[in-house]
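We're numbering straight along the sequence, starting at 1.
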Amino acid sequence: MGKQTSAVSKEAIWRNHLARYATSGKSIAAFCRDEAISEGNFYAWRARLRQDKATSAAVQASAPTPTNSFIDLGPVKTKTLNDKAQRAAALSATPEIDVRIDLGHGIILTITRR
């Protein structure tokens with residue numbers, strides 16, 4: 001097991017300990033004694049996980065907030081075109097539109113109207 005995997009599994013174990021402590025109604029000393037864990041480790045992991053949570057919240061808060069804006073692509077025309085010349089003229093007159101939407105986390109939606 002590598003260091004990365006070991007750190008993740010230890011963190012999961014300590015998150016479990018802290019969650020059980022929160023619902024136990026016991027003092028930290030009594031909980032640690034009953035679980036056979038060190039009080040020092042308990043305090044250290046509690047501080048570490050709180051700091052990780054605060055750092056994660058700060059990173060999310062500093063991320064740019066997306067702005068919601070409306071993009072008018074123009075009206076949709078639904079007229080019937082009888083002959084080939086009219087249809088060809090209408091197709092060539094239709095503007096080409098490329099819309100690119102960054103959804104975050106590396107996901108980009110591209111809509112093209114030709």
Side-chain angles (χ1 to χ4, degrees):
M1 183 177 340
K3 288 183 180 181
Q4 180 80 15
T5 306
S6 176
V8 171
S9 62
K10 282 184 183 180
E11 182 176 324
I13 289 168
W14 277 99
R15 284 188 189 281
N16 187 311
H17 281 314
L18 293 170
R20 286 198 333 270
Y21 163 72
T23 60
S24 72
K26 299 178 184 178
S27 68
I28 292 175
F31 178 80
C32 291
R33 184 178 50 253
D34 292 346
E35 296 287 321
I37 57 177
S38 159
E39 278 187 62
N41 282 339
F42 180 92
Y43 286 111
W45 274 97
R46 184 173 70 170
R48 177 180 177 180
L49 294 175
R50 279 184 182 165
Q51 182 180 13
D52 288 350
K53 187 176 181 179
T55 303
S56 172
V59 167
Q60 287 178 354
S62 68
T65 55
T67 57
N68 296 331
S69 58
F70 177 76
I71 301 171
D72 186 359
L73 299 178
V76 176
K77 297 179 184 177
T78 58
K79 63 180 181 179
T80 24
L81 302 174
N82 295 329
D83 69 15
K84 287 184 180 182
Q86 283 181 329
R87 277 182 265 172
L91 287 174
S92 65
T94 303
E96 292 184 7
I97 298 172
D98 290 328
V99 177
R100 185 179 164 113
I101 304 170
D102 186 349
L103 300 173
H105 302 290
I107 301 171
I108 298 172
L109 174 65
T110 303
I111 301 170
T112 304
R113 181 172 122 184
R114 304 227 186 266

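In terms of the ring pair (Phe, Tyr, Trp, His ring centres under 6.0 Å) criterion, residue partners of F42 (sequence neighbours excluded) are, by chain and number, Y21. Residues forming a side-chain contact (heavy atoms from CB on, under 4.5 Å) with S27 (at least two apart in sequence, or on another chain): A29, A30. Not a single salt bridge (Lys or Arg N to Asp or Glu O under 4.0 Å) links D102 to another residue, sequence neighbours left out.
From E39, atom CD reaches atom CZ of R46 across 10.5 Å, with rounding to the nearest 0.5 Å. Atom CG of D34 is separated from atom CZ of R20 by 10.5 Å, given to the nearest 0.5 angstrom. To the nearest 0.5 angstrom, N16 atom CG is 8.5 Å from E35 atom CD.
A pairwise comparison of heavy atoms in C32 and S38 identifies SG-O, 4.2 Å as the closest pair.
F31 and I13 fall into different hydrophobic clusters, where Ile, Leu, Val, Met, Phe, Trp and Tyr are joined by side-chain heavy atoms under 4.5 Å apart, directly or via other members.
Within the 4.5 Å cutoff, the side chain of I101 has heavy atoms near those of the L103 side chain.
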When you look at E11 and W45, which way does the side-chain contact (heavy atoms from CB on, under 4.5 Å) test go after all the steps? CA-CA 8 Å; E11 182 176 324; W45 274 97; 4.2 Å; yes
